[in-house]
Amino acid sequence: MSKDYKSFSIELAGRTLTADIGRVAAQANAAAFMHYGDTTVLSTITASEKPRDGIDFFPLSVEYEEKMYAAGKMPGGFNKREGKPSENAVLTSRVIDRPMRPLFPKDYRNDVTISNLVLSVDPECSPELTAMIGSAIAAAISDIPFNGPCATTQIGLLDGTFIVNPSDTQAASSDLKLTVASTREKVIMIEAGANEVPEAVMIEAIYLADSINKKLIDFIDMIVKECGKQKHEYTSCSIPEEFFEAIKNIVSPQDMEEAVFTDEKQIREANIKSLKAKLEESFADNEEWLALLDEAIYQYQKKTVRKMILKDKKRPDGRQMNQIRKLSAEVDIIPRVHGSAMFTRGQTQICNIATLAPLSDSQRLDGLNAEETAKRYMHHYNFPSYSVGETKVSRGPGRREIGHGALAERALIPVLPDETEFPYAIRTVSETFESNGSTSMASTCASCMSLMAAGVPIKKMVAGISCGLVTGENDDEYVLLTDIQGLEDFFGDMDFKVTGTRDGITAIQMDIKIHGLTREIVEGAIETCRQARIFIMDTCMEPCIDKPRPEIGEFAPKIEMITIDPAKIGDVVGKQGKVINKIIEETGVKIDIDDDGKVSVFGPDRQMIFKAIEIIKSIVTDIEEGMIFKGKVVRIAEFGAFIEIAPNKDGMLHISKISEKRIDRVEDVLDIGDEVTVKVMEVDNVRGRISLSMRPSDFGDTPETGGHRHKGHAVEGRDEGINRDVPHNRRKGGHNKKRQ
């Protein structure tokens, strides 16, 4: 054990959080070996010695590695090795990145990697949270320039009570999943999924987390005091002030303002391109300045836009500070899909397509959280290069696309119907046709309308909007912007996205580029987003489609569900699947059976679905004396005929029970394949024998007269069949109560 090894502990939400410093990974710039309960995460940070050439951004990479051994599991698949990061790992990396990135120097160009290796998982203690805290500790004690520390806390809401750092079990049933990161003074990141939590409750939860973060920061300060390294010097990549002055002599502030003051992105880009050409010509002999020109023009635009908004109260496209761009919405724009909608807000346009499938098509999750094994609703987001007028080969979704899809997914989960009410797996895909600000919020609106168009009985309408921010020299000098476009996002200080119904918030994602927000700004942004999303629903979404359609789309699979005795699942499946395969072959449906006896039957033809259900019910129904069936002759003997009254259930029809009259040969009356109406006269459960009769006199006063002979192959149970007179009610879980 190294003599420099030190261990620090704090009680956090009733469990012990420990950071071991100097124990492992000594060659990293810094490492924190984190323990929270039995959850163990190694958080490290490393930096290159020199800045990366030819870049105009801070090259930070954040990794969150889930090892299946941490949960005592083997990786799935043939390779038995962890593959690409899971969606949860990608989202966790983003949540660590977002609050920490603004705390590094803006002109720092050295490569920095923050890596979190999950070694052990305690279901009571979140490995994601442990990694967030470990990353902050590693950055704070390292020699890498970092204006921290920061800290992170998670908040749940159970039965109206806030839960700090909830366990997996608590989080699974919580009405709120909130993650808040803070510095000593301010909140710097908010991520939330919520079950229509009111704005006031959300704000209370945010600042409960903030108060706990301040205690964590005191803990980190203690570690830095004991183990912190002196921050190293670095080569600044800031633009020389004399270069800015030279640019202003050629392109005046008025020229730049005129170039950016337009609501057309293409016109603005053409204007900037023209100014750049003018500057390139002027600085043709100064290679050092030419290399910095792109960054200098970016900074010049940024200063111009911020000054216009903050001082002149003027937005680049001429809108008022709380004004939303022109809105439009359409549904059913794509034929044959199960549901489709397009939502346009200014130059941001999203087309969303909804697809319905059996629950067996739900996504299986192979991760560290034992509470999350499957996902019924999936929202996928695509961002092709043509949407911003660029040329780039598509190589699949990146972290941004995964993050945007997850945000829109969280936004809609609280309003989806329960699977017992609507037994479908649901996938929505947002295709970005055009992008100029907050496509994730447009995706939320388009997805909501697409679901309603597909006939998904969502509980309430959901909309989303983004609020921006431009700050001045002090906390009291700021402007909030409703519905930010790309330019305001690039040059502003905040992208605060909020989704929700009329009654509360369903999701939040807040990104900032400054060192935190005051409570006044947070409350103002949340209220601004509330007003804006209601405006979007009132003026755009509801006039297009105001409620879910009463039936699913023409081309969507129809699904009916029944519940059978789990002990009789084997009877329905049959030996080597022969019985169930026969039903499928005969009706053309697909059948899923859960271990608890839930049977889902789905296909394009509802009549065939009903027929399959009738067959299944006849299989699982115990045969009793007096029951009447339509059965099929499957074998003929001298003494009578064997009638299949249900799959794998044959009854004996003695020759004397075929007719009131005496018959000499069974073949004189019956042929193999004939369908006949029979009554159960006796059931011998010991010998497994069922005695049947076709004689009218044995039917008594029942509606069936007996003795009917039909050509055909249908097998139907009379008493347990479906009542065709009962109207189909899809919203009752695919079957009416009278049919249960």
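- Ion pair R502/D538 flagged as a salt bridge, since at least one NZ, NE, NH1 or NH2 atom sits closer than 4.0 Å to an Asp/Glu carboxylate oxygen.
- A donor-acceptor contact under 3.5 angstrom links the side chains of T439 and Y381, judged on distance only.
- Proximity of a side-chain donor or acceptor of T501 to a complementary backbone N or O of K460 within less than 3.5 Å is not detected.
- Between F642 and F639, the ring planes are perpendicular. Angles over 60° get that label, and only those under 30° would be called parallel.
- Under 4.0 Å is where a charged nitrogen must lie from a carboxylate oxygen, and between K568 and D565 no such pair does.
- Between the side chains of S450 and N352, at least one donor N or O sits under 3.5 Å from an acceptor N or O.
- The side-chain contact (heavy atoms from CB on, under 4.5 Å) with L451 is formed by just one residue from the set V462, L356, V456, V415; it is V456.
- Here the side chain of R695 pairs no donor or acceptor atom with the backbone of I658 at under 3.5 angstrom.
- Looking at S697 and E660, their side chains do bring a donor and an acceptor atom within 3.5 Å of each other.
- In summary, of the residues considered (L692, I645, I690), a side-chain contact (heavy atoms from CB on, under 4.5 Å) with F629 occurs for I645 alone.
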task: Could you please spell out the steps behind the salt bridge (Lys or Arg N to Asp or Glu O under 4.0 Å) verdict for E625 and K679?
output: CA-CA 8 Å; E625 185 178 324; K679 182 176 181 179; over 6 Å; no
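- For the pair I562 and I564, the minimum side-chain heavy-atom distance is below 4.5 Å.
- Checked by atom type, the side-chain pair T161/D159 shows no donor-acceptor distance below 3.5 Å.
- With hydrogens and angles ignored, the 3.5 Å screen pairs no side-chain donor or acceptor of N195 with any backbone N or O of D175.
- For D674 (side chain) and L670 (main-chain N/O), no donor-acceptor pair under 3.5 Å exists by modelled atom type.
- The pair D366-R364 does not count as a salt bridge, with every side-chain nitrogen at least 4.0 angstrom from each carboxylate oxygen.
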message: Using salt bridge (Lys or Arg N to Asp or Glu O under 4.0 Å), reason through D503 and K459 one step at a time and then give a plain yes or no.
response: CA-CA 12 Å; D503 300 319; K459 301 167 189 174; over 6 Å; no
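- Between E87 and K375 a salt bridge is recorded (basic side-chain N to carboxylate O distance below 4.0 Å).
- The closest donor-acceptor contact from the side chain of S447 to the backbone of T444 lies at 3.5 Å or more, if one exists at all.
- Residues passing the ring-ring contact (aromatic ring centres under 6.0 Å, His included) test with F602: none are found, sequence neighbours excluded.
- Judged by distance alone, the side chain of Q170 and the main-chain N or O of S167 form a donor-acceptor pair under 3.5 Å.
- Panel note: side chain E586, backbone I583; no donor-acceptor pair is recorded below 3.5 Å.
- One finds a salt bridge joining K582 and E644 here, because a Lys/Arg side-chain nitrogen approaches an Asp/Glu carboxylate oxygen to under 4.0 Å.
- Side-chain atoms of S340 come within 3.5 Å of backbone N or O of I334 as a donor-acceptor pair.
- Salt bridge annotation for D418-R376: absent, with no cationic side-chain nitrogen under 4.0 angstrom from a carboxylate oxygen.
- In terms of modelled atom types and a separation under 3.5 Å, the side chain of S362 and the main chain of A425 share no donor-acceptor contact.
- Atoms CZ and CG, on R689 and D684 in that order, are 7.0 Å from each other to the nearest 0.5 Å.
- Side chain of E82 to backbone of M68: a donor-acceptor contact under 3.5 angstrom is found.
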